[in-house]
**Q** 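Sharing a structure, written as structure tokens. Questions coming.
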Amino acid sequence: MIRNLIGRVFRLTKHHGGGRVVIPLKRHGISRNRLPSFALKTTDQLQAAGFEAYIVGGAVRDLLLGKDPKDFDVATNATPEEVHKLFRRSRIIGRRFKLVHVLFGDEMVEVSTFRGSGDAATDEAGRIIRDNTWGSQEDDAKRRDFTVNALFYDPNREEIIDFHGGVADIEKKRMTMIGVPAVRYREDPVRMLRAVRLAAKLGLSIDPATRKPIRELASLLENVPSSRLFDEMLKLLFSGQSWACLMQLRDEGLHHGFFPLLDKMMAMPHGEAFLRTALENTDRRIREDKPVSAGYVFASLLWLEVLDNWDKRKAAGEKPMLALFAAIDEVEAVQEQKLAIPRRYGSTMKEIWTLQPRFEQRTGIKPFRLLEHPRFRAGYDFLCLRASSGEVDQALADWWTTFQAADNQQREAMLVRAQPGDPAAKKRRRRGPRGGAKPAQDNAQ
Ligand code: ATP
Ligand code: MG
């Protein structure tokens with residue numbers, strides 16, 4: 001026992017990154033019972049069958065930082081086929097890199113086989129000649145990105161295996177790239193975004209040598225497939241620290257690749273207040289476990305530019321609704337040059353925008369129709385956001401808050417008196433309270 005401990009301490013001090021260092025429970029403090037049963041079942045079953053199995057990556061990092069991991073990944077020396085055979089409810093996924101998803105009720109554990117360095121599997125032309133190159137635990141640690149992401153936890157021994165000084169980096173609250181940072185960013189430019197996102201999300205600093213090449217290499221993001229870039233952008237916006245992430249991305253010059261209008265909007269009169277309020281609201285909702293719609297977040301990220309463009313068009317004499325549609329098209333086109341927003345989010349975003357002028361109309365039947373619109377709630381929340389940053393009159397948002405909660409008679413009394421000759425007022429009188437009002441279809445007129 002004592003010899004074992006001395007041995008561990010010796011190994012600990014002997015290697016500074018590169019060697020296999022075993023860190024005992026006494027030093028890291030993560031006991032087995034900190035892990036959910038489905039994660040333990042996975043490692044236990046693999047180990048009982050004679051394989052090595054560890055909790056790996058983000059979960060170990062988050063536990064050491066005292067945060068709740070959002071998912072649990074397992075690394076093993078068993079091949080995907082061997083893993084699949086061991087777990088009745090499991091399936092092999094992926095082609096280039098096979099993984100196994102093991103299911104326990106609603107929970108899922110991703111089990112990956114120790115992987116060798118990707119380079120070994122390519123030919124001179126850079127083509128992949130072997131689909132899966134398995135490696136040792138050490139190889140697997142080396143191909144991960146940051147030292148804090150390359151830790152292995154063995155729940156039976158309650159030990160952490162650390163090849164690259166990740167535990168020391170956690171203690172220093174620092175992210176350090178494994179290997180030569182510029183080389184690793186060239187291999188995969190998304191690692192630059194991960195550095196910034198994880199640092200902002202977890203409150204870590206980025207080691208100077210890891211940080212330095214980012215600014216120069218930022219343009220490499222242009223070569224990343226947009227689906228992957230978009231996934232990373234969603235992770236960033238839904239991290240619970242989206243404002244901090246965005247500001248840090250901007251500091252590193254990484255925002256040009258997917259948010260080309262940010263600088264312009266930040267320089268506008270209400271720009272910073274608006275974006276900050278929007279993202280901090282989102283962050284709060286995420287932390288409170290409330291649902292957040294991506295379409296809504298994108299609507300807020302780009303709204304100021306839409307508004308600016310719209311105002312200019314109206315000033316030039318274009319009809320309001322047509323001008324709004326034209327402004328939306330133009331802003332979308334600029335955004336698309338860098339990173340297109342997929343239609344499933346883009347359509348919600350545009351609906352929220354096109355509802356905004358309808359909140360200005362408080363005469364006749366119009367407010368009643370708006371209330372029945374399927375996106376009323378999102379549109380109203382967006383109006384409140386605009387009001388809280390000072391971009392529209394707070395009184396307008398308050399009017400809608402009261403109007404929603406009121407009964408029909410009170411609503412009638414709240415209507416803004418129409419100007420003489422306003423056709424809306426006449427229509428309203430004829431129809432009576434809510435009578436015959438169809439759900440709004442005329443999104444815009
Ligand atoms: P999050 O909390 O956002 O899930 P994470 O670090 O767990 O952060 P995942 O995308 O779940 O991120 O990846 C799991 C692990 O896979 C990482 O901890 C890291 O070890 C490795 N990894 C992920 N992406 C990369 C990458 N681009 N390059 C190298 N290793 C990576
Ligand atoms: Mg993860």
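Hydrogens, waters and symmetry mates play no part in the numbers below; they use all other heavy atoms, side chains included. Just so we're clear, the structure is a prediction, and the values are computed from it rather than from any experiment. Start at 1 and go down the list; that is how both ligands and their atoms are numbered.
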**Q** Enumerate donor-acceptor pairs with a distance under 3.5 Å from any side-chain N or O in residues 188-204 to protein atoms, sequence neighbours excluded.
**A**
residue, atom, partner, partner atom, Å
Asp188, OD1, Val190, N, 3.1
Asp188, OD1, Arg228, NH1, 2.9
Asp188, OD2, Arg228, NH2, 2.9
Arg191, NH1, Arg184, O, 2.8
Arg191, NH1, Glu187, OE1, 2.8
Arg194, NE, Asp145, OD2, 2.6
Arg194, NH2, Asp145, OD2, 3.1
Arg197, NE, Glu232, OE2, 2.7
Arg197, NH2, Glu232, OE2, 3.3

**Q** Determine which pairs satisfy ring pair (Phe, Tyr, Trp, His ring centres under 6.0 Å) with at least one residue from residues 168-195, sequence neighbours left out, and list them in order.
**A**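 Checked against ring pair (Phe, Tyr, Trp, His ring centres under 6.0 Å) - neighbours excluded - no pair reaches residues 168-195.
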**Q** Looking at Arg287 and Asp283, does any basic side-chain N land under 4.0 Å from a carboxylate oxygen?
**A**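 Looking at Asp283 together with Arg287, the answer is no, because their closest N to O distance does not fall below 4.0 Å.
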**Q** Restricting to N/O/S, name the atom of Asp71 that gets closest to the Mg ion (ligand 2).
**A**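 Going by distance to the Mg ion (ligand 2), the closest N, O or S atom in Asp71 is OD1.
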**Q** Please collect all salt bridge (Lys or Arg N to Asp or Glu O under 4.0 Å) contacts where either partner lies in residues 333-344, sequence neighbours excluded, each pair once.
**A**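 Residue pairs with at least one partner in residues 333-344: Glu222-Lys338.
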**Q** Non-hydrogen atoms closer than 4.0 Å to ligand 1: which protein residues do they belong to? List them by chain and number, please.
**A**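 Ligand 1 pocket, heavy atoms under 4.0 Å: Gly57, Gly58, Arg61, Lys70, Asp73, Arg143, Arg144, Asp145, Asn149, Asp188, Arg191, Arg194, Arg197, Leu198, Lys201, Arg228, Lys235.
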**Q** Please determine, by modelled atom types, if Trp303 and Glu391 share a side-chain donor-acceptor pair under 3.5 angstrom.
**A**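 Per modelled atom types, Trp303 and Glu391 side chains form a pair under 3.5 Å.
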**Q** Side chains of Asn281 and Arg285 only: does a donor on one sit below 3.5 Å from an acceptor on the other?
**A**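 No, because no side-chain N or O of Asn281 sits under 3.5 Å from a partner of the opposite role on Arg285.
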